[in-house]
Each structure stands twice: as C-alpha cells, then as structure tokens.
Amino acid sequence: MIPQTKAIAQKLQLIVSPAAVHEWENIDTSLQKHILEAVSTDTTPSCIVYPNTQEELAQIIGCAHQQRWRVLPCGNGSKLSWGGLAKGIDVVISTERLNRVIEHAVGDLTITVEAGAKFADIQPILAKAGQFIALDPAYPQTATIGGIVATADAGSLRQRYGGVRDMLLGISFVRYDGQIAKAGGRVVKNVAGYDLMKLFTGSFGTLGIISQVTFRLYPLPEASQTVVLTGTADAIAQATKTLLASALTPTAVDLRSTQLVANLGLGKGMGLVSRFQSVTESVKEQSTRLLEVGQTLGLQCSSYEENDESDLWRKLAEQISVTGTEPGIICKIGVLPTAAVATLSQLDKIASGQGMGLIHAGSGLGVLRFESENAIDDVKKMRSHCQSHSGFLTLLEAPISFKQKLDVWGYSGNALDLMQRIKQQFDPENIFSPHRFVGGI
C-alpha cells in the first residue's frame, strides 16, 4: 500500500511535471522552516507543488477538492508565517512559477501580472515606462504580488496612495472547486466586483488562491526628499498635527519610536519621518517648510536625498523586520491617529529598550517589534493599550510556542459571524488555510 504522502505526490504528478512536485524530505530546509512556522505543531505537509499556469493551478485545486486535501497557498514564502497557524495541511501550493506579466497598458496606467511575480522584478519593468506600483511592502526583494494582496501589506506609501485595496482594479482566483473566477477588470473606470476584491485583500489565503492581479499605476516622481524630525513626544505630536493639517502633500508620514530612532542614529527621542515626492521645486519647498516647523518646535532636523535617502528607508525597513537568523516578534497594530504618539510612548515604557515600532500618522496603522521571545506580557499590555484606543494588535511573526500562548488575532469586533458565513460561502469544505484567520476561520 502506498503511504498517503506518496499517494498525494503521485496524483499531483499526473497534473504537473514530476519536477514541479517536491516531497517534504526534498524541500529546501529554509523553505521547510518557513512552512513549519505557518502550521500547527501536529502538521507536516506531504509536499509542495509549483503549477506553471493558471490552468494547472485550477486542476490542482480541483484534485484537492475531490480528495478532501487541505492546502496552504503561498508565493515565495516571505510572509507565510504571518497570522495564525494552519491545521491539517496536506499540500502547500506555491504560485512562484506563475510570474508572468500578462499586460502592461502604459497609456491606461495599469498592469496585469500573475500572482507569483516578485514585486522587486515588476518595479524595474514599470520604471522603464516612468511608472510604479505605489506600495511599500515588507521584504520587497522576495515578496510576491499575490502575497502582498493576501496580507494587505501596503507600507508607508499609504499616506498618499492608500492601501492595497485602493491599488486593485481586478483579480483572478481559483475557487475551492477548481473553477477560475474573476472580479473587476483591467481599466481604471471599471468598478465591477470591487467588494469581492476587498474581501480577498488581507484574506491570508483563506477564500481561494489568487492567480492574477491588475493594479493601477502612478507616474514615477521627478524628485524625492525625506525630512526627519526628532525630539520630545509633545513636540513630535505638535509637528505631526501641524503637518497633517497643512497643505503639504507628503507620500509618507511615519512616527518612529525612541528605540528605533536611537538604533538608526537619527537623534534622541521620538521621530517623525516624512517623505515628499513630486516635481523638484515642490519637493524642495515642502521639505523646507517642514524643516522650519521642526526648528520652531526645537526639534533636531535633518533631510535626506538621493542615495542617502534610499539608504535611510532601507535601514528603517531592516530594523523593523525579522530575518531568518534573528529572533523577534512582529505585531501589526492600529489605533486612532490621534493616539499614535501616546501609543509609541507607551511602548517605550513597557518594553524598556526591548521594543520598537512605527505608526503611519495618517491612518494609525503600524508595526511593533519586540526583541525578546519572553515578551508575552509586553505584547499583552500593548494589545490592551491599543484596544483602549479603539484599535487592535495582531501577531504577525512569532515563534510557534509564542503564538500558542496568545490569541494571534486578538479580534474583539462584532463581525465574526459575518466572516464565518463568507468563509462558508467561498470555501464550504474548509480546504484553504484552515484556522489561519480570525476566530479559527
């Protein structure tokens, strides 16, 4: 009798080439680690399969539906460990080889790409036409388009351009029964299926597998400059209030915690990092006006351009993310924008140098990082603080032992019943990423 794990691989090899199916023991160890960080401790998938076309992906899902296999979708695996722990996974399905550009309509400012395309590979193609996708995701060198949508990972540029769902014009996805479905279109004015695209944004692979995405694009700015203000929390709060109430149009406005500012050698106290991108004259004028605000408030002021600016944003991202060799706990938070400074001040008090964070000043969304794996009490206190300010704290990355001690999502809203019904409608047999989402969905 053929073992179950071998039987699954053999059935998949009837759909794709044998080289596209890797049994568990043949999966690269670093990818094995990523997968094990995404599933419960009693789960070991039999294999990972790499479809080469949307049609192959549909056939694989159709087979999983018939065989009652539970599947864990992923792209390149950079955000696979985000969210809850999936249970009972039989097969991991990677869209990594679905990486083609379907259509780049330069005149319409849109692009349609397959879900496995890397963000870092698409931006240079668009740059040749003077365009870009206005997102700033975590792990930009390895993140795939589908993974960015599935995790709603917009980054600092949301200040000017909005979130991932604001970039989406259309998606194609494979349903639980192996059928290919579409929502939206490939032109900016087409709004059909808008709500469906919203559902898939941030769904963490629980409703279906995204196969293609159409994004709206923006022209590359002529010039860019970043202004950094550091100092006391009260002065930073005043500078932020003044900036957001002004006629200035920054593309990014991030509040940075005291520890993060210190780690980067940007000064003392809390930080306000603002980026201006437009025509040269506008960028210089807006940067100068914000620097004047900072000087009036007695803040330490500095500005960055060209390579220095690129290095600054790269270092900012590296400080707040976790690499494969570093321990750490990453949380996504949201609070009322008016409570952002108080939230980072609370982090400084609670974490005592073992935590750092950033909050996008316009939206109140942010990311916290805790250095110690023993920070569960600190995380609980910060969750309580966020909830008291009409917000939330969700664990993204953390050791499995940590996630088992704390509700990953910490959801306390009133929409759980609605979310469960949506899951039932899209995935009635619960084959997609079971238990990974809010409330065990």
Side-chain touch R165/M197, heavy atoms, less than 4.5 angstrom: no
Nearest non-hydrogen partners of S94 and G75, listed with the distance: OG-O, 2.8 Å
Approximate separation, where rounding is to 0.5 Å, of L406 CG and L393 CG: 8.0 Å
Shortest non-hydrogen contact between V283 and A223, atoms and distance: CG2-O, 3.6 Å
No-hydrogen, no-angle side-chain donor-acceptor test under 3.5 Å, D348 and T258: yes
Side-chain donor or acceptor of T43 paired with backbone N/O of K87 under 3.5 Å: no
Straight-line distance of E114 CD to S211 OG, nearest 0.5 Å: 8.0 Å
Donor on one side chain, acceptor on other, H385 and T343, under 3.5 Å: yes
For E309, the option from Q225, R275, R314 that meets side-chain hydrogen bond (donor to acceptor under 3.5 Å, both in side chains): R275
Side-chain heavy-atom pair L312, L316 within 4.5 angstrom cut-off: yes
Qualifying salt bridge (charged side-chain N to carboxylate O under 4.0 Å, His left out) pairs, either residue in residues 142-156, two or more places apart: K79-D153
Test item: N430 side-chain N/O and P434 main-chain N/O as donor-acceptor pair under 3.5 Å: no
Backbone N/O of G147 and side chain of T144: donor-acceptor pair under 3.5 Å: yes
Side-chain (K403) to main-chain (A38) donor-acceptor, under 3.5 angstrom: no
Pairing of D311 and K315 as salt bridge, 4.0 angstrom limit: no
Flag, side chain of S287 to backbone of K284, donor-acceptor distance under 3.5 Å: no
F392/Y411 aromatic ring centres below 6.0 Å: no
Check: S384 side chain, K380 main-chain N or O, donor-acceptor pair, under 3.5 Å: no
V106 side chain near L217 side chain, heavy-atom distance below 4.5 Å: no
Distance-only side-chain donor-acceptor flag, S156 / D254, under 3.5 Å: yes
Straight-line distance of L243 CG to L248 CG, nearest 0.5 Å: 6.0 Å
S40 OG to H435 NE2 distance, which is reported to the nearest 0.5 Å: 8.5 Å
Min side-chain heavy-atom separation F432-V174 under 4.5 Å: no
Centroid-centroid under 6.0 Å between Y161 and Y218 rings: yes
Test item: side-chain donor near acceptor, D28 and S30, under 3.5 Å: yes
Atom pair CD1/CD1 of I61 and I431 - distance to nearest 0.5 Å: 5.5 Å
Verdict with reasoning, N76 to S78, per side-chain hydrogen bond (donor to acceptor under 3.5 Å, both in side chains): CA-CA 6 Å; N76 199 40; S78 60; 5.7 Å; no
Any donor-acceptor N or O pair under 3.5 Å, side chains T251, Q277: yes
Residues in side chain to side chain contact (heavy atoms under 4.5 Å, CB included) contact with Q259, at least two apart in sequence or another chain: S257, N263, M356
Side-chain heavy atoms of V71 within contact of D90, under 4.5 Å: no
F204-W82 aromatic ring centre distance below 6.0 Å: no
More than 12 heavy atoms from other groups under 6.0 Å of CG on N414: no
Considering all heavy atoms, the nearest P140-P137 contact: CD-O, 3.6 Å
Carboxylate-amine/guanidinium contact R369 E397, below 4.0 Å: no
Candidate list I133, L169, D166, D108, test side-chain contact (heavy atoms from CB on, under 4.5 Å), partner R216, passing option: L169
Q286 side-chain N/O to T249 backbone N/O, donor-acceptor pair under 3.5 Å: yes
Expected output: side-chain E222 to main-chain V279 donor-acceptor under 3.5 Å: no
side-chain contact (heavy atoms from CB on, under 4.5 Å) between V438 and V408, worked out: CA-CA 8 Å; V438 178; V408 169; over 6 Å; no
Side chain proximity check, L80 to I35, heavy atoms < 4.5 angstrom: yes
Check against side-chain contact (heavy atoms from CB on, under 4.5 Å), I330 and L368: CA-CA 6 Å; I330 305 295; L368 306 183; over 6 Å; no
Audit row: F200, F173, ring pair (Phe, Tyr, Trp, His ring centres under 6.0 Å) steps and yes/no: CA-CA 9 Å; F200 272 78; F173 62 95; 4.3 Å; yes
Smallest separation among heavy atoms of L416 and G439, with atom names: CD1-CA, 4.0 Å
Qualifying residues under ring pair (Phe, Tyr, Trp, His ring centres under 6.0 Å), relative to F276, sequence neighbours excluded: none
Exam field: side chain R256 to backbone V261, donor-acceptor pair closer than 3.5 Å: no
V164 vs I148, side-chain contact (heavy atoms from CB on, under 4.5 Å): CA-CA, chis, key distance, verdict: CA-CA 8 Å; V164 174; I148 291 169; 4.2 Å; yes
Sidechain-backbone polar pair: S303 side chain, V227 backbone, donor-acceptor under 3.5 Å: no
Atom pair CD1/CD1 of I48 and I89 - distance to nearest 0.5 Å: 12.0 Å
Between E292 and T288, a side-chain donor and acceptor under 3.5 Å: no
No-hydrogen, no-angle side-chain donor-acceptor test under 3.5 Å, W313 and T226: yes
Closest non-hydrogen atom pair between G205 and A150, with its separation: N-CB, 4.3 Å
Sub-4.5 Å side-chain heavy-atom contact between Q212 and T112: yes
Nearest atoms (heavy-atom pairs only) where T240 meets A361: CG2-CB, 3.8 Å
Flag side-chain contact, heavy atom, 4.5 Å: P51 against I93: yes
Derivation of the side-chain contact (heavy atoms from CB on, under 4.5 Å) call for F437 and M419: CA-CA 10 Å; F437 202 59; M419 287 189 278; 3.9 Å; yes
